[in-house]
S.K.: 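Take a look at the following structure, please.
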Amino acid sequence: LLALAAPAAAQDKVAGLEKAITAAQKGDTATAEPLLRALAVDNDEAAAWLGSMLVQRGGEDNVSEGMILLRRAAFAGNARAKYGLAFQYLVGGGTNRDDIEAARLFREAADGGIARAAYNLGLMHAAGRGVPRDPAQALSWYERASRAGDPYGSYAWARALETSPQAAQRWGDVASLYLGAAKAGHIPAAVRYGAMLLEGRGVSRDRTRAEFWLRHAADQGYPEAALLMGDLFGQIAMGRTGKQQEEAAKSAAGWYLRAAEAGVAMAQAKLGNCYFAGAGVTRDFPAAQRWYRRAAEQGFADAQYVLGIWLSGGVAGTTDPVDGYRWLALAERQGHSNAAKVRARAAEKLTQDQI
């Protein structure tokens with residue numbers, strides 16, 4: 001009877017652990033915690049989940065108990081516990097900060113099958129924290145995380161490829177990685193994939209699919225997606241006439257406003273363009289200048305250049321040659337192609353003291 005009962009008891013524990021983990025993943029700590037506490041006595045996986053839950057909850061007693069559980073399970077070889085413990089060393093939570101130990105534990109957790117640990121180790125190589133700064137190693141760890149199914153790894157790998165000298169030969173791979181991560185719920189990946197659909201890079205240009213992913217990301221609070229939605233409707237407006245053109249331009253301006261109010265400098269500059277041209281909004285030079293200034297103050301070179309010209313010439317009704325010169329000089333410093341010539345002409349109207 002004892003021999004027959006043992007497998008049934010073990011099966012009950014497995015079912016209880018699965019229920020506890022499912023609850024923990026949903027944020028239902030009221031269900032998860034008592035189940036994990038009952039199992040954590042002799043189950044390292046349960047101890048790892050409970051330890052992580054406690055340190056994330058915070059408070060001296062919770063963190064202290066959580067660290068004991070994580071250390072015990074990590075010492076026994078549990079990969080999830082090593083992953084949770086690595087974070088504590090990384091931020092100095094419940095222990096002294098130790099980047100080297102964090103990197104070691106992330107590596108062991110990755111070797112134990114925790115895909116997100118590989119992604120985090122890639123970040124540490126990219127920043128040179130606890131390990132030598134090594135972009136090639138970072139890329140290798142991102143790839144490993146991606147192949148293990150981690151959407152953060154896929155996004156990081158895609159971003160690294162997109163900004164590499166080999167980008168032109170890898171657009172298809174980049175688009176595929178972004179799509180996979182977006183489907184797994186990674187919102188920045190949805191933004192990047194939407195941009196590729198909008199531009200026709202790595203995939204066929206498809207405004208309908210682009211709108212789906214960008215609207216999804218914008219609704220999740222990503223203002224960069226709202227900027228791209230503005231570009232999408234701007235493209236539509238350029239291909240239409242009459243009332244359809246007006247409606248598309250109005251939609252573009254509305255999306256630019258949403259992104260601009262969230263602080264996206266390029267959207268602020270593009271909204272300035274809308275007010276300057278009267279596209280989707282009533283033409284309003286002072287409003288355009290205000291949006292150019294907001295973008296310029298964030299260091300956006302094109303807006304600095306336009307603002308410099310406007311202030312020098314009084315386009316919006318107010319003339320300030322000194323401030324105009326200043327913005328032209330700042331745009332020139334950032335390498336704006338036309339700013340140097342315009343600034344040189346503006347200098348002819350100023351005294352040396354004003355310059």
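The basis for the numbers below is simple: all heavy atoms, side chains too, and nothing from hydrogens, waters or symmetry mates. Every value quoted in this text rests on a predicted model; they were computed, and no experiment measured them.
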S.K.: Looking only at heavy atoms, what is the nearest atom pair of Gly94 and Gln88, with distance?
M.R.: N-NE2, 4.4 Å
S.K.: Indicate the atoms forming the closest heavy-atom contact of Ala48 with Leu70, along with that distance.
M.R.: O-CD2, 3.7 Å
S.K.: Sorted by first residue and then second, give each ring pair (Phe, Tyr, Trp, His ring centres under 6.0 Å) pair with at least one member in residues 314-348; sequence neighbours left out.
M.R.: Tyr305-His336
S.K.: Mind listing the closest non-hydrogen atom pair of Leu36 and Ala20 along with its distance?
M.R.: CD2-CB, 3.6 Å
S.K.: Is the charged tip of Arg192 near the ring of Tyr155: under 6.0 Å from the six-membered ring centre and within 45° of its axis?
M.R.: no
S.K.: Which pairs with one or both residues in residues 69-116 pass ring pair (Phe, Tyr, Trp, His ring centres under 6.0 Å), sequence neighbours excluded?
M.R.: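 Non-adjacent pairs meeting ring pair (Phe, Tyr, Trp, His ring centres under 6.0 Å): Tyr83-Phe87, Tyr83-Phe106, Phe87-Phe106.
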S.K.: If you take all heavy atoms of Ser312 and Thr319, which pair is closest and at what distance?
M.R.: O-CG2, 3.7 Å
S.K.: Taking Tyr152 as the fixed residue, which of Trp157, Tyr142, Tyr119 is the one that meets the ring pair (Phe, Tyr, Trp, His ring centres under 6.0 Å) rule?
M.R.: Tyr119
S.K.: Trp291 and Tyr256: aromatic ring centres closer than 6.0 Å?
M.R.: no
S.K.: So does Gln354 get a backbone contact from the side chain of Thr351, meaning a donor-acceptor N/O pair under 3.5 Å?
M.R.: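 Yes.
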S.K.: Between Glu246 and Lys243, does any NZ, NE, NH1 or NH2 come within less than 4.0 Å of an OD or OE carboxylate oxygen?
M.R.: no
S.K.: CD of Glu60: more than 12 outside heavy atoms within 6.0 angstrom?
M.R.: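 No - once you tally the heavy atoms of other residues, nucleotides and ligands closer than 6.0 Å, there are 12 at most.
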